[in-house]
Amino acid sequence: MNSIDSVTLEVADTEAAARFYADAFGLDASRVRLRASDSPTSGFRGFTLSLVTAQPGNVDALFTAAVDAGATVLKPAEKSLWGYGGVVQAPDGTVWQLATSAKKDTAPVSRDVDEIVLLLGVEDVKATKRFYVEQGLTVGKSFGGKYVEFASAPGTVKLSLYKRRALAKVAGVSAEGTGSHRLVLTGGTRAFADPDGFAWQPELSH
């Protein structure tokens, strides 16, 4: 295993969720999938998904479309030291960060997404990093026990690790939460669960 081929969001209503993601983000169904689940979950689910774009105008376009489609604003889009971005929560409960490192627009505005990043909020970044390296992932960036970013191939979902409480703060939500993550990752050739309970399944199972 050396990458995430796709993520599957478990939702209560797949038809409603599909409409939301089509209207809000127009996401490629081969990378973000949906399946029905009534597994109990409450509060922060321990992860966020980020849509990285080329410029602030694209962030605004995605942000506006998401809110119009029914998303809840957790953090309004605004400038920061690292770029520009905001956070919304989809009706199914998934938290989405919409971001760019660019400071200004340099092309016509669109809702094009350059990269999808899955950030897992974990208790021990170093231990989880070791686990994923043992599974075959390659570290792209690492900042001690605070943040890790794994290398990813084009057309895949980039995986990053962050402290759970720090990620919740970035998302604008309480770090408390129980139950299912409502998330399944696809990649490699075998099924397993990581130290924080995130489930992986092989692509062949689809």
Side-chain angles (χ1 to χ4, degrees), residues 1 3-14 17 20-21 25 27 31-52 66 71-75 85-99 115-135 137 139-150 152 156-188 191-201:
M1 181 188 78
S3 65
I4 300 177
D5 298 318
S6 66
V7 297
T8 299
L9 302 176
E10 296 185 338
V11 300
D13 187 332
T14 55
F20 170 80
Y21 288 116
F25 305 141
L27 290 177
R31 285 199 284 172
V32 178
R33 300 170 175 174
L34 303 170
R35 75 181 184 191
S37 174
D38 58 2
S39 299
T41 187
S42 65
F44 183 47
R45 296 179 186 173
F47 74 94
T48 69
L49 282 160
S50 293
L51 300 182
V52 181
T72 300
V73 176
L74 297 179
K75 285 189 174 182
V87 186
V88 298
Q89 187 169 32
D92 65 78
T94 304
V95 176
W96 291 84
Q97 298 187 58
L98 313 174
E115 190 172 51
I116 300 176
V117 182
L118 170 64
L119 292 97
L120 301 185
V122 303
E123 296 301 328
D124 188 330
V125 171
K126 289 183 177 180
T128 307
K129 170 188 170 182
R130 287 195 299 271
F131 174 84
Y132 278 115
V133 169
E134 291 170 357
Q135 307 311 311
L137 270 68
V139 174
K141 297 178 182 178
S142 181
F143 299 93
K146 295 182 178 180
Y147 176 79
V148 174
E149 182 179 292
F150 294 97
S152 61
T156 61
V157 178
K158 178 175 286 186
L159 176 65
S160 296
L161 309 176
Y162 210 25
K163 294 285 287 186
R164 179 186 173 94
R165 289 194 175 278
L167 181 58
K169 184 176 180 180
V170 169
V173 299
S174 167
E176 303 307 316
T178 61
S180 173
H181 293 300
R182 292 276 186 99
L183 176 75
V184 178
L185 317 179
T186 302
F192 63 90
D194 79 3
D196 297 275
F198 290 96
W200 283 74
Q201 63 185 18

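Below, each value reflects all heavy atoms present in this structure, side chains not excepted, and no hydrogens, waters or symmetry copies.
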I would like to know whether Ser42 and Thr178 meet side chain to side chain donor-acceptor pair (under 3.5 Å); could you show each step before the answer?
CA-CA 5 Å; Ser42 65; Thr178 61; 2.8 Å; yes

Kindly indicate, with the supporting measurements, whether the criterion side chain to side chain contact (heavy atoms under 4.5 Å, CB included) is fulfilled by Arg35 and Val184.
CA-CA 10 Å; Arg35 75 181 184 191; Val184 178; 3.2 Å; yes

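Residues Val157 and Asp5 have side chains not in contact (no heavy-atom distance under 4.5 Å, counting atoms from C-beta outward). Tyr21 has its side chain out of reach of Val32: every pair of non-hydrogen atoms, C-beta onward, lies at least 4.5 Å apart. Between Ile116 and Val7, every side-chain heavy-atom pair lies at or beyond the 4.5 Å cut-off. The side-chain heavy atoms of Asp194 and Leu120, taken from C-beta on, include a pair separated by under 4.5 Å. A 4.5 Å side-chain heavy-atom check between Trp96 and Thr48 finds every atom pair outside the cut-off. When side chains are defined from C-beta on, Thr94 counts as touching Arg45, because their heavy atoms get closer than 4.5 Å. Two residues are said to be in side-chain contact when any heavy atoms from C-beta on lie closer than 4.5 Å; Gln135 and Trp200 fail this criterion.
In terms of heavy atoms, Arg182 sits closest to Ala12 at NH1-N, 4.2 Å. Across all their heavy atoms, Ser160 and Glu149 have their closest contact at OG-CG, 3.6 Å. Annotation for Tyr162 and Val125: closest pair C-CG2, 3.9 Å, computed over non-hydrogen atoms. Val88 approaches Ala66 most closely through the heavy-atom pair CG2-CB, 4.2 Å.
Rounded to the nearest 0.5 angstrom, Leu118 CG and Lys158 NZ are separated by 12.5 Å. A distance of 15.5 Å separates NZ of Lys146 from CG of Leu161, quoted to the nearest 0.5 Å. Asp13 CG to Asp38 CG: the interatomic distance, rounded to the nearest 0.5 Å, is 12.5 Å. Atom CD of Glu10 sits about 11.0 Å away from atom CG of Asp92, to the nearest 0.5 Å. Expressed to the nearest 0.5 Å, how far CZ of Phe47 lies from CG of Leu9 amounts to 5.5 Å. Interatomic distance, Gln97 CD to Leu119 CG, rounded to the nearest 0.5 Å: 6.0 Å.
Distance alone, capped at 3.5 Å, is enough to place a donor-acceptor pair between the His181 side chain and the Asp196 backbone. Side-chain atoms of Lys163 come within 3.5 Å of backbone N or O of Glu123 as a donor-acceptor pair.
Ser152 and Ser3 are not linked by any side-chain donor-acceptor pair at a separation below 3.5 angstrom, with hydrogens and angles left out of the test.
More than 12 heavy atoms of other residues, nucleotides or ligands lie within 6.0 Å of CZ in Phe20, so this atom counts as buried by the packing criterion.
For an aromatic pair to be called close, the ring centres must be under 6.0 Å apart, and Tyr132 with Phe198 fails this.
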Donor-acceptor contacts under 3.5 Å from residues 164-174 side chains, at least two apart:
unit_1: Arg164; atom_1: NE; unit_2: Ala175; atom_2: O; d: 3.0
unit_1: Arg164; atom_1: NH2; unit_2: Phe44; atom_2: O; d: 3.1
unit_1: Arg164; atom_1: NH2; unit_2: Ala175; atom_2: O; d: 2.9
unit_1: Arg165; atom_1: NH2; unit_2: Glu176; atom_2: OE2; d: 3.0
unit_1: Ser174; atom_1: OG; unit_2: Glu176; atom_2: N; d: 3.2

